[in-house]
Every structure is written in structure tokens, then in C-alpha cells.
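In listed order, ligands and their atoms are each counted from 1. When a residue number appears, it is its place in the shown sequence, counting from 1. Everything numeric in this text was worked out from a predicted model, so none of it was measured.
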Amino acid sequence: MEKDIATPKRTKEILEKYGFSFKKSLGQNFLIDTNVLHRIVEASNVTDASGVIEIGPGIGALTEQIAKRAKKVVAFEIDQRLLPILKDTLSPYEHVHIIHRDVLKADVSQVITEQFKGYDDLAVVANLPYYVTTPILMKILEEKLPVRAIVVMIQKEVAERIAAEPNSKEYGSLSIAAQYYAEAKTVFTVPKSVFVPQPNVDSAILRLTLRDEPPVDVPDEEFFFDIVRASFKQRRKTILNNLSKHFNLPKTEIEGYLNDANVESRRRGESLSMEEFALLSHVLYAVLYK
Ligand code: SAM
């Protein structure tokens, strides 16, 4: 039995064998700590009945640990140079399927239909390329893919923004966008030393547990998220100023709508709960689209 891929020694051997050079532009920071990998897989609650979608398998460090637990793993990898390496390192795991594609351009829903027919439990587990963390997460959430949970290693700062509560400096439109679809929790943080090469930023494991239903009722999702983004456009300005500018309407008029939604006009976006944004979007939708 070969040793785990994610030891500093074996990773170095693999990289040297194939003369692999990291591409910073593809966010290539590989994990070399099996303990961290075990904790990621643990946090995903994957069982031998689960199907797992991985994004960016690299040389297979995380893929291998998922494969030891799950029924099947399907991984999207953009970098062609990694395909022969993965074929080699993951050869003991027949239930791993690699797809050479940019996940942002992939029809993931179609892949799920083809690869995971009859599966009751699906999860996304990944050490994400940091340059596209948010687009990847928002794609999975907005496409409403049938997954139970998303467990990902991302920049600590982004994890904190996603899981943030109102009245904190991290709370913003990204928190609401993610929490509309899922319950968010930062599970643990990791030092830079668990990667080669080491990234410039600290990292954290974020778990998103997808909701069956959104936690609030909105008149129109696009409109709701538009109001949220507009309210945070200039964080230090009041919601009154931000919305009046966004809709190009007099402050007195916006003030009336805020009153109707029970939102004091001097408040800032960061103090509004998702429920308050939902109510406000109903009021504004009714007057603007009547
Ligand atoms: N999973 C490996 C690990 O933990 O060691 C590698 C993680 S590394 C942070 C990110 C991986 O994502 C790299 O293998 C990179 O080539 C791949 N990648 C970058 N952009 C991608 C994209 N748009 N679609 C699919 N894979 C991508």
C-alpha cells in the first residue's frame, strides 16, 4: 500500500517525478497535512453511501481521503498537466472520476444527473483555488444543485464574511447571498504551513449546509439581492443615502418607504437582518413595479 499523497515527502516525490511547476494563476496550493485532510472529510459527514463532487483535485491529496470514505468522487480539474499525475496517484481508487474542465464553465447539474443517479446524499468537498472562491460557491448555490453540504477550504477572511452576523464588520452582501441558500459555519482555521507553496493568506474550512427553503420570503430573488448590494454599496453611508442614490429617487420618497418597512432611515446596511431586507424588498418592489 502506497503512503498517503499528502505527506511532504510523497508530494515532493510526485512533483519531481513529473517535473510539475505550480501555476499561481490557477491558485495551486497543495495540502501536505493528512491531519487537516481528515478533519475536512470529517466535517463533511460523508459516508460510504455518499457521492462527492470535488473542485480542483491537484495531485489528489484530498481526493484520496474522500475516496476512502465515499461511494464515488467526481472531480473537476482545469489544469491538463495534472491529468496524468492523477491517473497515477489515484490508480488504487476506481470510484474516482476526473473531469478535465473549468468548473465555472461546466454544466454541473448535468454531471450530477449522469454520474450520481440514485444517490441520496451528495456533498461538495474541496480545497478551492482562492482566485475564484466566491464565483464557484455562488455558482453551486445559485444553480440550486441537489447537494446536502459544501465543505471547502478558502481564505479565512472570505469564510468569515460568508458566515458573518449583522452588526459586524464582516457582514455584507456576500453573507446574505450565501446565508439565503445555506447555513454557514467556519469549522476550523489552518496555518499557511499545511500547503505547498504556502499562500499569502490564512485559510479556514467553511461548511455550508444547504437549506430546503430560503429562510425569508422575497418578491423576486434578483430584486432582493439588488437591494442588499445597493444597501452595502458605500458601507459608511446610511441605507437612506445608498438607496436614494441607487434608485435615483429623492431622499424624502425613500424615507417614506423605509418607514413603511419599519427601518429607521439613519441605519446602515450592516445593521439590517435578512428578514428586514426581505420586508424592505417587498415594500420597494410593490411601489416600483406596481
Ligand atoms: N485539492 C488539491 C489539494 O488540496 O492539495 C489542490 C487544491 S489547489 C488550492 C486548487 C486546484 O484547483 C488546483 O489543482 C487548480 O489547478 C484547480 N483549479 C483552478 N481553477 C479551477 C477551475 N476554474 N476549475 C477547476 N479546477 C480549477
Engineer: Geometry only, no angles: is Gly58 polar-contacting ligand 1 at N/O separations under 3.5 Å?
Structural biologist: yes
Engineer: Which of the atoms of ligand 1 are close to Arg101, meaning less than 4.0 Å from one of its heavy atoms?
Structural biologist: 24 (N), 25 (C)
Engineer: Could you identify the single nearest non-hydrogen protein atom to atom 19 (C) of ligand 1 and state the distance to 0.1 Å?
Structural biologist: Leu26 O, 3.2 Å
Engineer: Can you tell me if Asn29 uses its side chain to pair, donor with acceptor, with the backbone of Pro129 under 3.5 Å?
Structural biologist: no
Engineer: Before accepting this row, confirm whether a basic side-chain N of the pair Arg267/Glu276 lies closer than 4.0 Å to the acidic partner's carboxylate O.
Structural biologist: yes
Engineer: Is Asp121 salt-bridged to Arg148, cutoff N-O under 4.0 Å?
Structural biologist: yes
Engineer: Identify whether the distance between the nearest side-chain nitrogen and carboxylate oxygen of Glu42 and Arg69 falls below 4.0 Å.
Structural biologist: yes
Engineer: Side chains of Thr133 and Met138, heavy atoms from C-beta outward: is any pair under 4.5 Å?
Structural biologist: no
Engineer: Using distance alone, determine whether Asp79 and ligand 1 share an N or O pair under 3.5 Å.
Structural biologist: no
Engineer: So which protein heavy atom does atom 3 (C) of ligand 1 come closest to, and at what separation?
Structural biologist: Asn127 ND2, 3.5 Å
Engineer: Determine, for Asp107 against Arg101, whether the closest basic-nitrogen to carboxylate-oxygen distance falls under 4.0 angstrom.
Structural biologist: no
Engineer: Identify, for atom 20 (N) of ligand 1, the protein heavy atom at the shortest distance, and state residue, atom and that distance.
Structural biologist: Tyr131 OH, 2.9 Å
Engineer: What about Asn29: any of its N or O atoms under 3.5 Å from an N or O on ligand 1?
Structural biologist: no
Engineer: Applying the side chain to side chain contact (heavy atoms under 4.5 Å, CB included) test to Phe76, which of Asp102, Ile98, Val111 qualifies?
Structural biologist: Val111
Engineer: Between Ile59 and ligand 1, is there a nitrogen or oxygen pair with a distance under 3.5 Å?
Structural biologist: no
Engineer: List the closest protein heavy-atom neighbour of atom 21 (C) of ligand 1: residue, atom name, distance to the nearest 0.1 Å.
Structural biologist: Ile78 CG2, 3.5 Å
Engineer: Give the numbers and elements of all ligand 1 atoms closer than 4.0 Å to a heavy atom of Gly27.
Structural biologist: 8 (S), 9 (C), 10 (C)
Engineer: Minimum distance, heavy atoms only, to atom 2 (C) of ligand 1: which one of Pro57, Ala106, Ala61 is it?
Structural biologist: Pro57
Engineer: Using 4.0 Å as the upper bound for N to carboxylate O, is an ion pair formed by Arg266 and Glu264?
Structural biologist: yes
Engineer: Should the proximity of Glu54 to ligand 1, defined as any heavy atom under 4.0 Å, be assigned to the side chain, the backbone, both, or neither?
Structural biologist: side chain
Engineer: Before giving the answer on salt bridge (charged side-chain N to carboxylate O under 4.0 Å, His left out), spell out for Lys139 and Glu143 the whole-Å C-alpha distance, their side-chain angles and the decisive distance to 0.1 Å.
Structural biologist: CA-CA 6 Å; Lys139 173 183 165 113; Glu143 290 186 0; 3.7 Å; yes
Engineer: Among Ile66, Asp102, Ile55, which residue places a heavy atom closest to atom 22 (C) of ligand 1?
Structural biologist: Asp102
Engineer: State whether the side chain of Thr113 and the backbone N or O of Ser109 hold a donor-acceptor pair below 3.5 Å, judged by distance alone.
Structural biologist: yes
Engineer: After noting the C-alpha distance and the side-chain angles of Leu208 and Gln179, does the key distance pass the side-chain contact (heavy atoms from CB on, under 4.5 Å) rule?
Structural biologist: CA-CA 8 Å; Leu208 294 170; Gln179 291 174 32; over 6 Å; no
Engineer: Polar contacts were defined as any N/O atom of the residue lying under 3.5 Å from an N/O atom of the ligand; does this apply to Leu31 and ligand 1?
Structural biologist: yes
Engineer: What atoms of ligand 1 come closer than 4.0 angstrom to any heavy atom of Glu77?
Structural biologist: 13 (C), 14 (O), 15 (C), 16 (O), 17 (C), 26 (N)
Engineer: So for ligand 1, is Val103 a polar contact partner (N or O within less than 3.5 Å, distance only)?
Structural biologist: yes
Engineer: Does Lys144 come within less than 4.0 Å of Glu221, counting only side-chain N to carboxylate O?
Structural biologist: yes
Engineer: Of the backbone atoms (N, CA, C, O) and the side-chain heavy atoms from C-beta on, which set of Leu128 has a member under 4.0 Å from an atom of ligand 1: side chain, backbone, both, or neither?
Structural biologist: backbone
Engineer: Note the single closest protein heavy atom to atom 12 (O) of ligand 1, along with its residue, its atom name and the distance in Å.
Structural biologist: Gly56 CA, 3.1 Å
Engineer: Relative to the ring of Phe22, is the ring of Phe30 parallel (under 30°), tilted (30 to 60°) or perpendicular (over 60°)?
Structural biologist: perpendicular
Engineer: Hey, which atoms in ligand 1 end up nearer than 4.0 Å to a heavy atom of Phe76?
Structural biologist: 25 (C), 26 (N)
Engineer: Quick test of your reading of the structure: of His100, Gln28, Met153, Arg81, whose heavy atom lies closest to atom 13 (C) of ligand 1?
Structural biologist: Gln28
Engineer: For ligand 1, indicate whether the residue Tyr130 contacts it via side chain, backbone, both or neither (heavy-atom separation under 4.0 Å).
Structural biologist: neither
